[in-house]
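See below for the structure under consideration.
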Amino acid sequence: MQKLMVVAAAVACASAAFASGELLVKSGDTLAFLGDSITQQGQESPGGYVSLVLRSLAVEGVYVKPVKAGVSGHKSNDMLARLDRDVLSKKPKVMTLSCGVNDVWHQDWNKGVPLEDYKKNITAIFDKCAASNCQVVVLTATMFERPEMEKFKHNVSIAPYNKWLREEAKRRGYPVADLNADMWKAHAADPSVKLTRDGVHMRPEGDRLMARGVLRALGMAEARLAALDWASWKPVWVLCRFDLKGDADRAEYLAKTKAVLAAVRAEPGCCEYRLLGDAATDWDRPQRFGDRTFWMLEKWRSLPELKAHLAAPHMKGFGPSVAPMRAGSTFHVLEDVLP
């Protein structure tokens, strides 16, 4: 294990240059995530590393346009083949690249990618991104979490892939999220820690480790990283009541609300966002409020993400535009009493 961990120090100076707190992306930029099944699961799960990166950027007030380009089973040759279609056609400012696990792992079935071919494929990816003015953030290939991990054949085999990645990233001046080294450090600190559920794909602990590494490489300051306590974040619900003034145009109010729905629902912390009114039923029991009273029902993955939503650029414009149309409003933040 010592030999596999010795590379950690070599990349520290390169990563530090991007950890000053000045992010590589700003609101409105397109941020792409190119990878294999680890990335695909990281983008599909609310607790996956891609989701955590997007949620955390939003909490910092940075609303990017994500390109989620993780595809299960893909290797460097596959990613190169679909780079233009899946990523560069979307004109991202920054792209994270996670590639190498399958290039090594699939050699068990004679379907892997040898190191020299891997170098050619990744070099072509780097060159294409440079030609498209897309900044690459390099993620080292994650470890294989197996018994006797330091001797496990795939961990030994993947070391030269990661060594070349670090060297090439340094030569090109690319920021590096050294996730492989971070995983070895985590295991050295606590050998009982489990970062993966099957030796390759991440448990929540692994996704959080990956997200911190990516955010650090994107330039998030250590103090802000330390404040991101995803494990303690819990969902909250919001219930708002809006009563329109007598002279307010109901159709205009609905149009203004509809115009902002897509942007809100695209926020990474949003689970539900719906404008409700009286249901049309023949049942006499429900209290009816009339067609000038509306309810906004919302669910957010955490209170920090709700706060980020309220400060989002589209909300800063929406609130003042509809406030003069309302006779009154209420705002309630709720949580589980009996989870």
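The structure presented is a predicted model; accordingly, all values stated were derived computationally and were not measured.
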*asked:* Return the CZ to CG distance between Arg216 and Leu225, rounded to the nearest 0.5 Å.
replied: 5.5 Å
*CE/Met315 to CG/Leu310 distance, rounded to the nearest 0.5 angstrom?*
6.5 Å
*Looking just at side-chain N and O atoms, do Gln107 and His154 make a donor-acceptor pair shorter than 3.5 Å?*
no
*Any donor-acceptor pair under 3.5 Å linking the side chain of Ser132 with the backbone of Cys134?*
no
*In Å and rounded to the nearest 0.5 Å, what is the OG1 to CE distance from Thr39 to Met210?*
6.0 Å
*Fit a plane to each ring of Trp300 and Tyr273, take the angle between them on a 0 to 90° scale, and name the class: parallel (under 30°), tilted (30 to 60°) or perpendicular (over 60°).*
perpendicular
*Enter the distance from Leu24:CG to Met220:CE here, rounded to the nearest 0.5 Å.*
11.0 Å
_Please tell me whether Trp295 and Phe242 form a close aromatic pair, meaning their ring centres lie under 6.0 Å apart._
no
*Quick one: pull up CG in Leu80 and CD1 in Ile122 and give me the separation to the nearest 0.5 Å.*
8.5 Å
*Would Ser302 and Glu305 count as having a side-chain donor-acceptor pair, cut-off 3.5 Å?*
yes
_Would you compute the distance between atom CD1 of Ile158 and atom NZ of Lys153 and round it to the nearest 0.5 angstrom?_
13.0 Å
*Got Leu139 and Tyr49 here, is their nearest side-chain heavy-atom distance under 4.5 Å?*
yes
_His187 and Trp184 aromatic centres sub-6.0 Å_ = no
*Please find out if less than 6.0 Å separates the ring center of Tyr174 from that of Phe126.*
yes
